[in-house]
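See below for the structure under consideration.
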Amino acid sequence: METLTLSTLDYVGVFVFAVSGAMTAVRKEMDLFGCVVLALMPAVGGGTIRDLVLDVPVFWIVDNRYLLITLCAAVVTAVAYHWVLRAQRVVIWSDAVGLAVFSVLGAAKAWEVTGKPIIAVMMGVVTAVAGGIVRDVIANDVPLVLQREIYATAAFGGALVYVAAVQFAVPGALWAGIGLAFALRSAGIYWHWSLPRVRGAASG
């Protein structure tokens, strides 16, 4: 049952991340191909980088449903962009779920492959945020994770708690990591929490 639930959350996370990429493409007035490309980046980009670094089969090649979900999300967003905009809050909170799930599942896969805590935590963060960075770079935007509320920090926290719980054989490690990551991201959304900004000499 737990595996089924996590798989469902994983698919939901892919869909929502793909919608975020496609929305960026529509905002930039790209064509349908651009929507698909930018949808793919956050949806499968981070996991692809993780699998290549770990030298394991890339997950969407093993399970093509990830690509189908991403393509569906891109088309739906391109066709019903105004409806998606009206559901923006739903997308934001769903994105928080996706971030939490990706960070922990990414860490879990890296832990299974390497057994090294620091690698597992790093790959958890990469899985959750690297694709979004690529999306923003392609769209010529400052990456979201570098400028707004707590995001990558939430992924780091979730992955760290998961790895620590596994090392100390704490029951429910997956859910503990997902819960913390979601809580941190939720705080960032609701209270606009963010890390302190770096002030350069030009800012006085």
Side-chain angles (χ1 to χ4, degrees), residues 6-7 9-22 24 37-63 65-67 69-70 73 94-139 141-167 173-186 188 194-195:
L6 289 174
S7 296
L9 288 174
D10 198 20
Y11 291 139
V12 170
V14 167
F15 183 86
V16 174
F17 275 16
V19 168
S20 73
T24 299
V37 170
L38 286 199
L40 283 167
M41 294 305 102
V44 303
T48 300
I49 295 172
R50 174 203 63 212
D51 290 347
L52 291 174
V53 170
L54 295 176
D55 195 25
V56 297
V58 177
F59 72 102
W60 53 263
I61 294 178
V62 176
D63 184 353
R65 284 173 291 187
Y66 289 103
L67 291 181
I69 291 170
T70 301
S94 299
D95 178 89
V97 173
L99 174 80
V101 171
F102 280 13
S103 65
V104 174
L105 292 186
K109 186 168 187 177
W111 176 262
E112 180 181 351
V113 172
T114 69
K116 297 179 179 179
I118 189 170
I119 301 299
V121 173
M122 288 178 61
M123 290 299 101
V125 176
V126 166
T127 304
V129 308
I133 293 174
V134 176
R135 172 203 62 206
D136 293 340
V137 169
I138 292 175
D141 289 333
V142 176
L144 172 67
V145 301
L146 303 180
Q147 61 175 328
R148 291 179 58 183
E149 302 112 353
I150 288 176
Y151 198 89
T153 307
F156 175 80
L160 183 64
V161 164
Y162 165 76
V163 171
V166 168
Q167 283 196 295
L174 278 171
W175 294 110
I178 290 172
L180 179 69
F182 182 74
L184 290 174
R185 178 63 187 132
S186 297
S194 62
L195 296 179

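Note that the structure is predicted; figures quoted are calculated from it, not measured. Residues take their numbers from the sequence shown, with the count starting at 1.
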Give the minimum heavy-atom separation between [X] and [Y], together with the two atoms involved.
X	Y	value
Ala139	Leu38	CB-CD1, 4.2 Å
Ala108	Leu174	CB-CD2, 4.3 Å
Ala152	Val145	CB-CB, 4.3 Å
Leu99	Ala155	CD1-CB, 4.1 Å
Ser20	Arg135	OG-NH1, 3.1 Å
Ala154	Leu184	CB-CB, 3.7 Å

Set of side-chain contact (heavy atoms from CB on, under 4.5 Å) partners for Val97, sequence neighbours left out |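 For Val97 the side-chain contact (heavy atoms from CB on, under 4.5 Å) partners, ignoring immediate neighbours, are Leu9, Val101, Phe182.
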Roughly how far apart are [X] [atom1] and [Y] [atom2], rounded to 0.5 Å?
X	Y	atom1	atom2	value
Trp60	Thr48	CH2	OG1	6.0 Å
Leu54	Thr114	CG	OG1	6.5 Å
Ile178	Tyr162	CD1	OH	10.0 Å
Arg185	Asp95	CZ	CG	6.5 Å
Thr153	Tyr151	OG1	OH	12.0 Å
Phe156	Ile150	CZ	CD1	13.0 Å

Within a strict 4.5 Å, meaning less than it, do heavy atoms of the Phe102 and Val14 side chains meet?
-> yes
Does the side chain of Val44 come within less than 4.5 Å of Phe59's, by heavy atoms?
-> yes
side-chain contact (heavy atoms from CB on, under 4.5 Å) assessment of Asp51 paired with Lys109 | CA-CA 9 Å; Asp51 290 347; Lys109 186 168 187 177; 3.0 Å; yes
Within a radius of less than 6.0 Å around CD of Glu112, do more than 12 heavy atoms belonging to other residues, nucleotides or ligands occur?
->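 12 or below, so no.
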Tell me which donor-acceptor pairs under 3.5 Å the side chains of residues 115-133 have, and how far apart each pair is, sequence neighbours excluded?
residue, atom, partner, partner atom, Å
Thr127, OG1, Arg50, NH1, 3.4
Thr127, OG1, Met123, O, 2.6

In terms of ring plane angle, is the pair Tyr66 and Tyr11 parallel, tilted or perpendicular, where the classes change at 30° and 60°?
->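 The rings of Tyr66 and Tyr11 sit tilted, inter-plane angle from 30° to 60°.
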